[in-house]
Enquirer: 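My questions all concern the structure below.
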Number of protein chains: 2
Amino acid sequence: MGSTKTDLFSTEQNEIAALLKAIAHPARIAILEYLVKVDTCICGDIVNELTLAQPTVSQHLRELKNAGLIKGNVEGTAICYCVDQSKIARIQAYVSDISSKLDHKTDQCC
Amino acid sequence: MGSTKTDLFSTEQNEIAALLKAIAHPARIAILEYLVKVDTCICGDIVNELTLAQPTVSQHLRELKNAGLIKGNVEGTAICYCVDQSKIARIQAYVSDISSKLDHKTDQCC
DNA sequence: ATTATTTATCGTAATATTGCAATATAACGA
DNA sequence: TCGTTATATTGCAATATTACGATAAATAAT
């Protein structure tokens with residue numbers, strides 16, 4: 001037990017769950033927001049932005065990278081991270097789809 | 001250790017992270033999709049839809065409920081669950097905001 | 001009242017996540 | 001080459017999540 005039974009669900013359900021799970025942590029939310037804010041890819045100061053220890057930040061960055069949400073380019077001694085727009089768009093499309101289907105719902109018992 | 005350091009982040013960051021975390025599991029994705037699909041609130045057959053054991057489904061429902069994503073009404077011996085549209089809208093607004101900010105990004109090094 | 005049905009809770013085992021100190025790696029400049 | 005800087009990896013402790021059997025609680029029907 002303990003581990004998620006991914007074989008019981010569709011590929012799409014597992015993919016969306018994995019993407020959402022990668023964002024579903026305040027530190028990773030903060031990282032994404034910072035990457036969006038700076039509007040440039042020269043970003044070696046994410047560690048300074050967060051109050052977490054450097055290995056912890058590095059670990060969160062790796063999770064975002066594994067999920068495909070960010071990409072990283074080695075840029076001399078620093079590393080340039082940026083958000084992968086297509087993955088964000090994928091999440092947006094999914095959530096918008098759910099939301100619009102709820103708009104058309106007729107029954108409202110709750 | 002082991003627990004998330006929520007005090008290092010803003011209320012909004014923690015709230016969004018909690019909402020996303022509640023959805024970020026294939027079983028809970030499947031539950032939400034089913035609730036959206038049936039377009040009615042008389043839904044006591046979620047357990048039959050998923051292949052998971054009844055206590056497991058009940059636990060996932062409780063997590064969705066705790067996050068405020070679904071509401072439940074006692075309906076005789078069954079319970080009528082439905083999605084809370086406002087919470088989905090909140091997530092949609094957040095993701096759309098990130099997405100649109102990325103659209104306006106000028107620098108594209110990665 | 002008794003029984004069947006439906007959902008919730010408890011307890012527990014297996015696994016995953018979070019965070020960090022210590023250490024490693026990699027690239028640059030003197 | 002050596003030191004400096006930036007990031008990654010390892011190892012580990014604390015905590016959280018996932019899943020389910022057993023059981024409880026609540027209501028409906030007989």
Enquirer: Between the main-chain N or O of S10(A) and the side-chain N or O of Q13(A), is there a donor-acceptor pair closer than 3.5 Å?
Expert: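 Yes; judged by distance alone, with no hydrogens or angles, the pair exists.
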Enquirer: Does the protein touch nucleotides 23-29 of chain C at the base, only the backbone, or not at all? Give it as B, S and - per nucleotide, heavy atoms under 4.0 Å.
Expert: ----SS-
Enquirer: Indicate yes or no: does E15(B) engage R90(B) in a salt bridge with an N to O separation below 4.0 Å.
Expert: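 Yes, this pair counts.
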Enquirer: With respect to the side chain of I79(B), which nucleotide from dA16(C), dA8(C), dC20(D) is positioned closest?
Expert: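 Of dA16(C), dA8(C), dC20(D), dA8(C) is nearest to the side chain of I79(B).
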Enquirer: Quick check: closest heavy atoms across A17(A) and A24(B), and the distance to 0.1 Å?
Expert: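 Taking A17(A) first and A24(B) second, the nearest heavy atoms are O-CB, 3.8 Å.
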Enquirer: Between atom CG in N66(B) and atom C1' in dT9(C), what is the gap in whole Å?
Expert: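 Going from N66(B) (CG) to dT9(C) (C1'), I get 13 Å.
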Enquirer: Does the plane of the ring in H25(B) sit parallel, tilted or perpendicular to the ring in F9(A)? Use 30° and 60° as the thresholds.
Expert: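 Rings of H25(B) and F9(A): perpendicular, as their planes differ by over 60°.
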Enquirer: Quick one: label Q59(A) by what it contacts on the DNA or RNA (base, sugar-phosphate, nothing), any heavy atom closer than 4.0 Å.
Expert: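 Result for Q59(A) = base.
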Enquirer: Of T56(A) and T4(A), whose nearest nucleotide on DNA chain C comes first from the 5' end?
Expert: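 Its nearest nucleotide being more 5', the pick is T4(A).
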Enquirer: Find which nucleotide of DNA chain C each of T51(A) and S58(B) is nearest to by heavy atoms, and output the residue with the more 5' nucleotide.
Expert: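 This one resolves to S58(B).
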Enquirer: Between dA8(C) and R62(B), is there an OP1 or OP2 to side-chain N/O distance shorter than 4.0 Å?
Expert: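 No, outside the criterion.
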Enquirer: What's the shortest heavy-atom distance between I29(B) and I23(B), and which atoms?
Expert: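 Distance-wise, the nearest heavy atoms are CG1-O, 3.3 Å.
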Enquirer: Nearest whole Å is fine: how far is dA6(D) C1' from N48(A) CG?
Expert: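 Checked: the CG to C1' distance equals 11 Å.
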Enquirer: Taking atom types as modelled and ignoring hydrogens, do the side chains of Y81(B) and N73(B) form a donor-acceptor contact shorter than 3.5 angstrom?
Expert: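 Side-chain D/A pair, Y81(B) to N73(B): absent.
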Enquirer: So do the side chains of E33(B) and I98(A) get within less than 4.5 Å of each other, counting heavy atoms only?
Expert: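 When only atoms from C-beta onward are counted, I98(A) and E33(B) do touch, with a gap below 4.5 Å.
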Enquirer: Please give me every residue in residues 18-30 of chain B whose heavy atoms get under 4.0 Å of an atom in DNA chain C, ordered by residue number.
Expert: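 Those residues: none at all.
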Enquirer: Using atom CD1 of I70(A) as one end and atom C1' of dA8(D) as the other, report the distance to the nearest whole Å.
Expert: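 About 13 Å, once rounded to whole Å.
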Enquirer: Which residue, L61(A) or E63(B), contacts DNA chain D at a nucleotide closer to its 5' end, judged by nearest heavy atom?
Expert: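 Final value for this comparison: L61(A).
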Enquirer: With a 4.0 Å limit, can you tell me whether Y81(A) has a side-chain N or O closer than that to the phosphate oxygens OP1/OP2 of dA8(D)?
Expert: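 Answer yes for this pair, as a side-chain N or O of Y81(A) is under 4.0 Å from OP1 or OP2.
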Enquirer: Rounding to an integer number of Å, can you tell me how far N73(B) CG sits from dA8(C) C1'?
Expert: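 Interatomic distance, CG of N73(B) to C1' of dA8(C): 16 Å.
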Enquirer: Looking at H60(A), does any N or O in its side chain come under 4.0 Å of the phosphate oxygens OP1/OP2 on dT17(C)?
Expert: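 No, H60(A) has no side-chain N/O under 4.0 Å of OP1/OP2 on dT17(C).
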Enquirer: Measure CG/N14(B) against P/dT18(C) and give the value in whole Å, please.
Expert: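 The answer, rounded to whole Å, is 13 Å.
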Enquirer: With a 3.5 Å distance limit and no angle check, can you tell me whether R28(A) reaches the backbone of L61(A) through a side-chain donor-acceptor pair?
Expert: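 Here the side-chain-to-backbone pair does not exist.
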Enquirer: Looking at every non-hydrogen atom in both residues, tell me the closest pair between A22(B) and L69(B) and how far apart they are.
Expert: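 Nearest heavy atoms, A22(B) then L69(B): CB-CD1, 3.6 Å.
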